[in-house]
> 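Sharing a structure with you now.
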Amino acid sequence: MRKSILRASAAMQTIALLGVGATAFIAAAPAAAQDYTSGALVGSVHSAAGAPVAGATVTLRSIAQGQVRNLVTGASGTFNAAGLTPGDYTINIAAGGYNTHAGTISIVASQTNSVDVGLETAASGNAIVVTGSRLRQSVTQGTTGANINVVKVNEQLPIGHDITDITLLAPTTLRGVSGFATAAGDSVPSVGGGSVAENAYYVNGLNITNPDTYVGGSRVPFYLYQNVDVQTGGYPAEFGRATGGVINATTKSGSNIPFVALHLDWEPNFLRSHSPNRGNPDSPTDIGRLRSIENRSATLEAGGAVVPDHLFVYGLLQANRNTDKAAYPNAGQYEIQKDNDPFYAFKIDGYITPTQHAEFTYFDTRSKINIFDYDFEANDAYTDGTIGTKGLAAVQEAGGVNWIARYTGNITDWLTASAAYGLSKDKGSNQPADNTSYYVIDRRTVTTGGNAKAVGQPFATQDILNTRRRFYRGDMDARFTFGGTHHVRFGFDHEDLSENKIAT
């Protein structure tokens, strides 16, 4: 199955005069104005009296990678920079006869940060020093949602370590039914009133959405995420494969300052709540006492510079020990599932020049779930039982290899180009937990031999052997001033999807 989208959009606007405030780790999300993984900055420099300051030198420096952009304001006092790697930047503005402006700003993937700076004349002796700025809503942008700095949120808020809990920090999001997404029992979000099957998931521009049911995406470790941009409505054409919400994530990268971190996560079963009074109306059952889930993981991550300011590497390794024990009294069966396979990922970032950036991301979600079945005899209350002889043993394979290569560069001061090519594979875990249910049912009837017959989703009850999504895309952004400030964006993307199923 192939899907191609040709996109074109244009925005005509005067840069809004927006104040600057403190940087936040959860910010309202303005409309996307860049590709999936880079951001942009537009700004205006004027005197205290409001007159535009032309010829001012604007210096942007990436705090993590040390990349420097040197810009000059035009006759209207405006400047812009596109294709910026997300992260924190220092900004310095200098103009003859004025005090220097110095501060910091945050650039976010697929968004434009707008700033407005007023300079005091040198004679006044009052230098303007801005210590931070935050993303601001442009008067012409219509995307709603939230941009979440996962690292800072994890430091300051008690949050579950999965993509759903991150997504639920955005407005108009709700948790879907547990177990609807995968056999592992993961929950998935409903965004902006859409169903859980109407969202799209991206990691560094790679579409990892489940291609069979469109419920959830590939399972990525929490500590790999740097930022998650949750777009709940009004998102632009490049996110056209969703009708609910878009969960657009970028991962961590190496920096000039080396770092190593070890994270230990433990979800003990004794802290889980039970589920009393579930079962037959005349014989309520505490099902929770018949279920034991224990998840443990150790995550090691590290990053640094191979060539300072130019070549960076980042890597993550997560060791897992996950055990799920469940009793099925009516079937006389006790089942133990064990998933101990590791997850690993790495990312390479290269900067030929400050305006020419290439990156490669790889992550492997493959795992094998070992399933052991035993005879089980429950007591009358179903709150306990006896585990008997070991029976059927099976292995369920899940996950796959994922990678994406990207390039972003400035052709001229006003024209930016980006291109990407990637592959996402998955298997097994795509199968819904309830494989007897149809996620899509055609309620229309067809007549066969004079009898009406309902038509269900083909192959809905068959296991998924593997899925494969290959894609390539290209984007161009043109920014120019002619009777106002304008931004024109156009691009193309193409996906090849394939899937194999086997009879259960």
Side-chain angles (χ1 to χ4, degrees), residues 25 37 63-65 85-88 109 148-166 184 186 201 203-204 206 208 217-228 249-269 271 293-308 311-324 337-350 359-370 397-405 422 424-426 429:
F25 54 81
T37 62
I63 295 176
Q65 282 84 27
T85 301
D88 293 332
I148 300 155
N149 186 316
V150 179
V151 176
K152 293 181 180 179
V153 165
N154 189 47
E155 291 174 350
Q156 302 182 36
L157 295 177
I159 182 176
H161 288 180
D162 61 58
I163 190 63
T164 297
D165 284 83
I166 298 172
D186 298 339
Y201 296 78
V203 172
N204 289 349
L206 180 66
I208 60 170
S218 299
R219 303 182 70 183
V220 177
F222 174 84
Y223 295 106
L224 186 62
Y225 294 118
Q226 177 67 45
N227 280 88
V228 175
T250 53
T251 65
K252 297 175 182 176
S253 300
S255 66
N256 280 326
I257 301 176
F259 62 91
V260 178
L262 176 64
H263 310 276
L264 301 177
D265 288 56
W266 179 33
E267 298 179 25
N269 181 70
L271 292 180
I293 302 176
E294 189 102 2
N295 296 324
R296 291 171 289 175
S297 68
T299 305
L300 176 66
E301 59 173 344
V306 178
V307 180
L311 183 61
F312 306 90
V313 294
Y314 168 84
L316 180 147
L317 174 64
Q318 183 183 80
N320 299 297
R321 290 292 183 271
N322 302 320
T323 304
D324 187 344
Q337 296 187 13
K338 293 184 178 181
D339 178 7
N340 298 331
D341 286 308
F343 173 99
Y344 63 92
F346 66 86
K347 184 181 181 185
I348 302 173
D349 289 87
E359 65 179 48
F360 179 82
T361 306
Y362 178 97
F363 57 94
D364 190 339
T365 63
R366 287 177 294 182
S367 67
K368 292 182 178 180
I369 302 174
N370 296 290
E397 295 186 8
V401 170
N402 301 264
W403 60 266
I404 180 171
S424 177
K425 293 183 177 181
D426 206 351
S429 61

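Residues: numbered from 1 along the sequence shown.
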> Taking only residues two or more places apart in sequence or in another chain, which ones pass salt bridge (Lys or Arg N to Asp or Glu O under 4.0 Å) with Lys425?
none
> Using modelled atom types only, decide if a donor and an acceptor are shared between the side chain of Asp426 and the backbone of Gly399 within a distance under 3.5 Å.
yes
> Quick one: list whatever passes ring-ring contact (aromatic ring centres under 6.0 Å, His included) with Phe222, sequence neighbours left out.
His161
> Who are the salt bridge (Lys or Arg N to Asp or Glu O under 4.0 Å) partners of Glu294, not counting sequence neighbours?
none
> Any donor-acceptor pair under 3.5 Å linking the side chain of Lys252 with the backbone of Tyr223?
yes
> Kindly write out the residues that satisfy side chain to side chain contact (heavy atoms under 4.5 Å, CB included) with Leu271, not counting sequence neighbours, or none if the list is empty.
Pro268
> Kindly write out the residues that satisfy ring-ring contact (aromatic ring centres under 6.0 Å, His included) with Tyr201, not counting sequence neighbours, or none if the list is empty.
none
> Who are the salt bridge (Lys or Arg N to Asp or Glu O under 4.0 Å) partners of Asp165, not counting sequence neighbours?
Arg175
> Could I get the full list of side chain to side chain donor-acceptor pair (under 3.5 Å) partners for Gln65, not counting sequence neighbours?
Ser62
> Is the closest side-chain heavy-atom distance between Val228 and Ile163 below 4.5 Å?
yes
> Which residues pass the ring-ring contact (aromatic ring centres under 6.0 Å, His included) test with Tyr314, sequence neighbours left out?
none
> Just one of Val153, Ile166, Val150, Thr250 clears the side chain to side chain contact (heavy atoms under 4.5 Å, CB included) bar with Asn227, so which one?
Thr250
> Under the side chain to side chain donor-acceptor pair (under 3.5 Å) test, which residues partner Thr365, sequence neighbours left out?
none
> Not counting sequence neighbours, which residues clear salt bridge (Lys or Arg N to Asp or Glu O under 4.0 Å) with Asp364? List them please.
Arg366
> Hey, is the main chain of Ile369 close enough, under 3.5 Å, to the side chain of Asp339 for a donor-acceptor pair?
no
> Check side chain to side chain donor-acceptor pair (under 3.5 Å) between Ser424 and all other residues, then give those that pass, not counting sequence neighbours.
Asn402
> For Tyr362, what residues pass the ring-ring contact (aromatic ring centres under 6.0 Å, His included) criterion, not counting sequence neighbours?
Phe346
